[in-house]
Amino acid sequence: MNNADLIVATLKAAGIRRGFGIPSGNVLPLMDAMRRGGLDFVLTAHEGSAGFAADVSGRLTGAPGLCIATLGPGATNLATGVGCAFLDRSPLIALTCDLNTDQIGRRIQMWIDHHALFKPITKATLRLERGRIGETLARALALALSEPMGPVHLDLPEDVALAPTNEAVPAPVPRAPIAPAPDGAIARAGELIAAAKRPIAVIGSSAMRLADPSLLLKVIERHGLPFATTTMAKGLIDEDHPLSLGVIERACRQHQRRLLRSADLIVGLGYDTIEVEYEAWIGDVPLLQVDIEPVDIAPSVKLEHQATGDLDISLTKLAARPASRNSWAAGALAEHRQLFQSMLRPSSQSFTAHAAIDAARRALPRDGILSFDVGAHTHQIASQWSAHAPKSFLITNGWSSMGFGLPGAIAAKLARPELPVVCLIGDGCFQMTCGEVAVAKRLGLALPIVVLDDKWLALIKVKQIRRQLPLYGTALQEEDYREPPAHYFGVPAVGVRDADALEAAVSKALAASGPTVIEAVVDSEHYIDTVYD
Ligand SMILES: Cc1ncc(C[n+]2csc(CCOP(=O)(O)OP(=O)(O)O)c2C)c(N)n1
Ligand SMILES: [Mg+2]
């Protein structure tokens, strides 16, 4: 056995089933150990995508995601996906395969200091050294999985990968638990909720990592709390719930802000300000924060109290307190929800982006997974989509990088092959990652890839209009739309021009034996009113 074999055996023992990446000669010892050891190597079109795919694997499987790259440019490409796992807090192992140890630090083709590169976007960046492989890996895995979860980078020189070893596969190091919030802090939180007349809970992205997400529903129902969510937290409680208010700080945000600011207490449940800082929307409503870390707020925010500690434990205790009552009326909440949903869909003669999003939602079964991307469409999807289950609504909002949607969908389909998955992305994001279409084909994944083709980097166009700047550098395509080619990289492509055709195309693509690119030619003029209101 060599060190590469030991690494593969250790990662497998940690529950990791596959790694995403692009090889070079320096990666071959590890790749060959993966082949021999039965840890799948998934070749992506770009290392950034490998990072995003690993991030989503980490979110969905409970084991850290794995991504692999060569030195220098492989590592810098990979960094974009690793940064996602850092700000969005997904457990991930990023492995770079390096030169031989005696060459490291010299002026040699492709070499840069990987530890300096990964330091600001990982929880740790560690060298894999002879005789210390097991302990280093065990430490990296435990660190990635300890709250706040995140990426750990490991650098593997080629000679170390090839060196024989008699180290044993290390016993798993338990993840470091976080302390529970003090009982007094939870009691005070409970008292504040009980005393509030118009409390609103806002669920955030830390809650995505709850061991038992149903605790959220228990707290909400116990205390009759109307709840909104951030973008990433959508689906943690079924949005069909009568207390659901939908998402905050996305399309038609002012409607949501008006309601939030009429509250007399905001209860942040696992609210991580990485998605949106409180001061953006909270006004002068007092804040009760229940999360894993002390809250980061501007001085303007009226922090009434915070209970900081293990979130499962805090929610368990809050759910066990005597039930509270408040003065919200179910009818008023339903009215608010309906108005929100109608404002998001201004009427139009043309095939609008909002109609395309609704068509995709209709075609995807309730329990299906959506993976989407970053742009004006993100704002519209976040407000409009109804999510019904945890981990069914995949997006980056902390890192907020274009290019997440397609590799995210591929990783989701690999991790949950039994569930239907739809990828819904802007045309700019498609241009950035379209090589991954070939990856989905190679893997034989039934995956509709719906491109919302509005010919613009619409989010930036909307910002130019709002700032009264001329439109410049944001058009993706000046000429009239043409039908797509019959296929991209052998993947069938279809153009659709209305909602019915889109719904039918997505349904058909879900039943296909491979991916389908569906280019929906949409009119996104309404973004100027809906996305930034
Ligand atoms: C890597 C990266 N580069 C740039 C941006 C800034 N940005 C955010 S949205 C966007 C436009 C996306 O265009 P498209 O995919 O067509 O979506 P649309 O806004 O048209 O819905 C850009 C350039 C970003 N978030 N990430
Ligand atoms: Mg666009």
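Ligands are counted one by one from 1 in listed order, and the atoms in each one are counted from 1 as well. Numbers here simply count residues along the sequence, with the first being 1.
Between V522 and A356, the closest heavy-atom pair is CG1-CB, 3.7 Å.
Draw a line from the Mg ion (ligand 2) to OD1 of D427 and another to O of W456, and the angle between them is 110° (to 10°).
Between E483 and R497 there is a salt bridge, with a side-chain nitrogen of the basic residue lying less than 4.0 Å from a carboxylate oxygen of the acidic one. Note on R59 versus D88: salt bridge recorded, some NZ/NE/NH1/NH2 to OD/OE distance being below 4.0 Å.
Under a 4.0 Å heavy-atom criterion, D454 is in contact with ligand 1. Under a 4.0 Å heavy-atom criterion, S400 is in contact with ligand 1. Heavy atoms of L476 come nearer than 4.0 angstrom to ligand 1 in at least one pair.
Of all protein heavy atoms, the one closest to atom 13 (O) of ligand 1 is L457 CD2, 3.4 Å. Counting protein heavy atoms only, atom 15 (O) of ligand 1 is closest to C429 N, 2.8 Å. Atom 10 (C) of ligand 1 has M402 SD, 3.7 Å as its closest protein atom, hydrogens excluded (heavy atom only). The shortest contact between atom 16 (O) of ligand 1 and any protein heavy atom is with D427 OD1, 2.7 Å. In terms of protein heavy-atom proximity, atom 1 (C) of ligand 1 is closest to S401 OG, 3.6 Å. Nearest protein heavy-atom neighbour of atom 21 (O) of ligand 1: H377 ND1, 2.7 Å. Among protein heavy atoms, atom 19 (O) of ligand 1 sits closest to A376 N, 2.7 Å.
Residues satisfying the ring pair (Phe, Tyr, Trp, His ring centres under 6.0 Å) test with H388, not counting sequence neighbours, are none.
Contacts between I460 and ligand 1 below 4.0 angstrom, taking non-hydrogen atoms only, involve the side chain exclusively. When heavy-atom distances to ligand 1 are checked against a 4.0 Å cut-off, F430 has no atom that comes that close, whether in backbone or side chain.
Among V374, T474, L459, the residue whose heavy atom sits closest to atom 12 (C) of ligand 1 is V374.
Outside the 6.0 Å centre-distance limit, the rings of H379 and Y527 are not counted as a close aromatic pair. Checked against the 6.0 Å centroid criterion, the rings of F393 and F372 qualify as a close aromatic pair.
Close N/O approach between G428 and ligand 1 is found [any backbone or side-chain N/O within under 3.5 Å]. Backbone and side-chain nitrogen or oxygen atoms of M432 are examined, and none is located within less than 3.5 angstrom of a nitrogen or oxygen of ligand 1.
Contact atoms of ligand 1 toward A458: 18 (P), 19 (O), 20 (O) (distance under 4.0 Å to a heavy atom of the residue).
Of the N and O atoms on the side chains of H153 and T96, at least one donor lies less than 3.5 Å from an acceptor on the other residue.
With hydrogens and angles ignored, the 3.5 Å screen pairs a side-chain donor or acceptor of Q289 with a backbone N or O of Y271. A donor-acceptor pair is defined here as one N or O able to donate and one able to accept, closer than 3.5 Å; no such pair exists between the side chain of D155 and the backbone of R127. Judged by distance alone, the side chain of D98 and the main-chain N or O of L71 form no donor-acceptor pair under 3.5 Å.
Taking 2.8 Å as the threshold, D454 counts as a candidate ligand of the Mg ion (ligand 2), since one of its N, O or S atoms lies below it.
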Kindly determine whether F118 and F86 satisfy ring pair (Phe, Tyr, Trp, His ring centres under 6.0 Å), including the steps that lead there. CA-CA 10 Å; F118 285 103; F86 187 60; over 10 Å; no
